[in-house]
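Structure first, commentary second.
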Amino acid sequence: MKFSNFFSPTLKNVPAEAEIISHQLMIRSGMIKQSSAGIYSWLPLGLRVLKNIENIVRDEQNKAGAVELLMPTIQSADLWIKSGRYNEYGKEMLRITDRSGREILYGPTNEELITDIFQSYINSYKDLPKNLYHIQWKFRDEVRPRFGVMRGREFLMKDNYSFDLSEQDAIISYNKMFEAYIKTFLRLGLIPISLRAETGPIGGSLSHEFQILAKTGESTLYYDKALEQIDTTNIDTKKLQSYYAAVDDLHDQSKCPIEKNQLKIAKGIEVGHIFYFGTKYSEKLGAFVQNNRGENVPVHMGSYGIGISRLVGAMIEASHDDKGIIWPLNIAPFKISIINLMIDDENCKKVADNFYNQLSSKFEILYDDRDCSIGKKLSDNDLIGIPYQIIIGKRDVKDNLVEFKIRQTNESTKISIDEAINIVLKKLIYK
RNA sequence: CGGGGAGUAGCGCAGCCUGGUAGCGCACCUGGUUUGGGACCAGGGGGUCGAAGGUUCGAAUCCUUUCUCCCCGACCA
C-alpha cells in the first residue's frame, strides 16, 4: 500500500476527549473517529488491526472445535420475553420499535437467539456436543461509555455457546474454551490472568474472567506468580484454575492462601469472560434433546465472550512507548514500511520502488512515498507502530546502504541494499 | 443515575469577569529555501462563537432553556 494512496489521518494534537493513552494513540494514528459517545468509525488503519485480532480469535475458536455462524444485530423482543430477560436487562438494552409497532432490540448478547436456533434443529443427544460462535457487533447502552473503544456502547465481540448433554460434558466444553482463551491471548502477545468470577446477569455457577496485564489497567489483580508462567506447549487448565487470583475488592490479605513472595499485584484489563450456566436458558427456551433413554432433557449450556474491539485498545495499553504504538508482528496493520526520505531523489526512489515491488506481494507493506518532511515520515511510522522499517535516504544510498529499524526496541542498523530483502524475509518469516 | 467540567476554524486553546460583530499554535493552500527525527521564510484560505429564546442601540461575552461531549462513582466484553 502506498501511503500517498492510503487514508491515515495522523494528528499531532490530541483531541481533549481522549483521556487514556490507547484512546489518544488510536485517534492520533488515525485508527478511529468518534461518532457519538461510545460509538466509533473504524478508519482503514484501525480496521486492519481489528480484523487481524478478529482472525486470530477466529482461528483459535476453529481449532478448539467451535463452529462459526452469524446472527443478526437486531433481535425480536419475543425471545427475550420468553427467557425473562426483557425486563431484567434494564436500560442497558437498546430497545427500538419498528414501523408496525413491534418491539425489537439491538442485541447486547445472544444466549436467546442461539438457543432458539439450536432448539429448532437439534433433538438428539447424538448431535451433542455443539459449540457455536459468531463475531458480531453488540450494543449496550452503558451509563457511561469511556476510554475509547475499551468501553464503547457499540463493540465487536466474539461470543460462543456450548451445548452438552450433562454438566460433566459441559465442564469439558468449558475447559476446552478456557484453554482456547489462554492460547488466543498468548498468541496476541499478551499475558492472560484467569480469575474465578461472579456470573452476573448471565447467571450460572461457574465462571472465569480473563484479564491481560497492562500498567494502565482498570482493575488491580492479586495472583499467584505461577499464572504468568504458562507452559505454552501444554496448557494445563486444571492447574491454571487452581492458582489463586482475585481482583482487589475480592482479595483479603488476611485470608490469602498463598505466600507473600509468591503473590503478585498488577493491573489488568478484562478482555474475556466465560460462563457455565447449566439449563437456565435451555429450559425457558425449550432447548431439549432426547437422551439415550428417550427422555427429554434440557441441554447444559455455557457462553464465552471475547471483546475484540476492546482488545485493540487493551493491546495498545499493554504495548506502546512515548513515540506511539508498538504492534506485535501478527497484529500490525502493516508488517513493514519502506520509508523513502527523499522522494525527489532518483536513486532513493529506485531503491524504494525495488523493495516495494519485491515485498508487496508477500507481506502487508506500507510504502511511505508521501511528499512531506522527513521528521513527519519517521514519526508517523513510529506512531502507527509498524514493526519493521526500511529507511531509505540519500546519505546511505550513496554507500549502498539502507537503515533497518525495529520498532519494538527502536534499534536500527545499516544494512546493505543487496542484503536487505533477505534480512527482511528472515525477520518476517521466521519470527 | 449522583457529583464535577467543557462546547469559539479540522485539532489544541485564548478572548467572556469589566458587552462594541473574533485571535494564537498545529494542520491546510501558494511561492521560495531546505532535506537523516514532527523544517524555515513570506504570503493566503477557513469560524458568527453547540442550539433556541431573552436583555440591550449593540451579545462569543449578561440571563433562561435545551442539546452534546468529557471526567469521578456503581456496571461490563
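In what follows, chains carry the letters A, B, and so on, assigned in the order in which the sequence lines appear, proteins first and then strands, with residues in each chain numbered from 1. For the numbers below, each heavy atom of this structure counts, side chains included, while hydrogens, waters and symmetry mates do not. Small disclaimer: the values here were computed from a predicted structure and weren't measured.
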Query raised in the report: Which part of the nucleic acid, if any, lies within contact of A/Val271, taking any heavy atom under 4.0 Å across all strands shown: a base, the sugar-phosphate backbone alone, or nothing?
Result: sugar-phosphate
Requested in this report: Between B/A51 and B/U33, how far apart are the P atoms? Round to whole Å, please.
Outcome: 45 Å
Query - Closest nucleotide among B/G38, B/A77, B/C1 to the A/Ser373 side chain - result: B/G38
Query raised in the report: Can you tell which of B/G38, B/C70, B/C11 lies closest to the side chain of A/Asn13?
Result: B/C11
Query raised in the report: Atom CG of A/Asp345 and atom P of B/U34: how far apart are they, to the nearest Å?
Result: 15 Å
Query raised in the report: Expressed in angstrom and rounded to an integer, what is the separation of A/Met342 atom CE from B/G37 atom P?
Result: 12 Å
Report summary line: Rounded to whole Å, CG of A/Asp344 lies from P of B/U33 at a distance of 13 Å
Query raised in the report: Going by atom types alone, do A/Ser416 and A/Asn400 pair a side-chain donor with an acceptor below 3.5 Å?
Result: no
Query - B/U34 versus B/G25 - spacing of their P atoms, nearest Å - result: 25 Å
Query raised in the report: A/Asp371 CG to B/C29 C1': how many Å, rounded?
Result: 14 Å
Report task. Could you work out the separation of B/G4 and B/A14 based on their C1' atoms and round it to a whole Å? Result -> 23 Å
**Report entry** Watson-Crick or G-U wobble partner of B/U56, both distances under 3.5 Å
**Finding:** none
Report task. Assign each of A/Arg395 and A/Ile306 to its nearest nucleotide of RNA chain B by heavy atoms, then name whichever residue's nucleotide is nearer the 5' end. Result -> A/Arg395
Query - Integer angstrom distance from the P of B/C63 to that of B/U55 - result: 15 Å
Query raised in the report: Paired with B/A27: which nucleotide, if any, by Watson-Crick or G-U wobble criteria at under 3.5 Å for both distances?
Result: none
Report summary line: Side-chain atoms of A/Ala37 come closest, of B/A77, B/G37, B/C69, to B/C69
Report summary line: Winner on side-chain proximity to A/Glu218, out of B/G12, B/C75, B/C1, is B/C75
Query - For B/C17, the Watson-Crick or wobble partner whose two distances fall under 3.5 Å - result: none
Report task. Assign the ring pair A/Tyr174 / A/Tyr304 to parallel, tilted or perpendicular, where the plane angle (0 to 90°) is split at 30° and 60°. Result -> tilted
**Report entry** Who pairs with B/C49 - Watson-Crick or G-U, where each distance is under 3.5 Å
**Finding:** none
Report task. Please confirm whether A/Arg140 makes a cation-pi placement over A/Tyr106, using NZ or CZ under 6.0 Å from the six-membered ring centre and within 45° of the ring normal. Result -> no
Query raised in the report: Would one find a side-chain N or O of A/Arg146 under 4.0 angstrom from OP1 or OP2 of B/C70?
Result: no
Requested in this report: Go through the side-chain N and O atoms of A/Ser254 and A/Asp252 and say whether any donor and acceptor fall under 3.5 Å apart.
Outcome: yes
Requested in this report: Can you label the angle between the A/Trp42 ring and the A/Trp137 ring as parallel, tilted or perpendicular, going by 30° and 60°?
Outcome: tilted
Query raised in the report: Is there a donor on the side chain of A/Arg153 or the base of B/C76 sitting less than 3.5 Å from an acceptor on the other?
Result: no
Query - Shortest side-chain distance from A/Arg151, nucleotide among B/C72, B/C76, B/G37 - result: B/C76
Query - Aromatic plane relationship, A/Phe334 with A/Phe6 - under 30° parallel, 30 to 60° tilted, over 60° perpendicular - result: perpendicular
**Report entry** Interatomic distance, A/Ile27 CD1 vs B/C69 C1' [rounded to whole Å]
**Finding:** 12 Å
Query raised in the report: In whole angstroms, how far is the P atom of B/G4 from the CD atom of A/Glu19?
Result: 18 Å
Query - Distance, C1' atom - from B/A9 to B/C26, rounded to whole angstrom - result: 12 Å
Report summary line: Rounded to whole Å, CZ of A/Phe210 lies from C1' of B/A77 at a distance of 13 Å
Query - Selection from B/C71, B/G37, B/A77 that lies nearest to any side-chain heavy atom of A/Phe147 - result: B/C71
Requested in this report: Any strand is fair game: report the nucleotide pairing with B/A39 by Watson-Crick or G-U wobble, both distances under 3.5 Å, or none.
Outcome: B/U33
Query raised in the report: Contact class for A/Gly148 vs. all strands (heavy atom < 4.0 Å): base, sugar-phosphate, or nothing?
Result: nothing
Requested in this report: Name the nucleic acid region contacted by A/Glu142, choosing base, sugar-phosphate or nothing; use a 4.0 angstrom heavy-atom cut-off, strictly under.
Outcome: base
Requested in this report: Could you check whether A/Asp396 gets within reach of a base, just the sugar-phosphate, or nothing at all, counting any heavy atom under 4.0 Å?
Outcome: base
Query raised in the report: Can you name the closest pair of heavy atoms from A/Leu263 and A/Cys256 and give their distance?
Result: CD1-SG, 4.1 Å
Report task. Write down the distance separating the C1' atoms in B/G38 and B/C75, rounded off to the nearest Å. Result -> 41 Å
Query raised in the report: What distance, rounded to whole Å, do you find between the two P atoms, one in B/U61 and one in B/G53?
Result: 14 Å
Query raised in the report: In terms of side-chain heavy atoms of A/Ser36, which of B/C69, B/A74, B/G37 is nearest?
Result: B/C69
Requested in this report: Would you kindly say whether A/Asn110 and A/Gln136 are connected by a side-chain donor-acceptor distance under 3.5 Å?
Outcome: no
Query raised in the report: Given atom CD1 of A/Ile343 and atom C1' of B/U34, what is their separation to the nearest angstrom?
Result: 14 Å
Report task. Select one nucleotide: of B/A77, B/A27, B/C1, the one nearest the side-chain heavy atoms of A/Lys12. Result -> B/A27
Query raised in the report: Taking for each residue the nucleotide of RNA chain B bearing the nearest heavy atom, is the 5' side occupied by A/Gly272 or by A/Arg144?
Result: A/Arg144
Query raised in the report: So what does A/Lys405 hit on the nucleic acid, given a heavy-atom distance under 4.0 Å: a base, only sugar-phosphate, or nothing?
Result: base
Report task. Go through B/G38, B/C76, B/C69 for me and flag the one nearest to the A/Gln34 side chain. Result -> B/C69
**Report entry** Whole-Å P distance, B/A60 and B/A52
**Finding:** 12 Å
Query - From B/G38, B/U35, B/C13, nucleotide with atom closest to A/Ile374 side chain - result: B/U35
Report task. May I ask which nucleotide in the shown strands pairs with B/G73, Watson-Crick or G-U wobble, both distances under 3.5 Å? Result -> B/C1
**Report entry** A/Tyr276 and A/His300 aromatic ring geometry - parallel, tilted or perpendicular at 30°/60° bounds
**Finding:** parallel
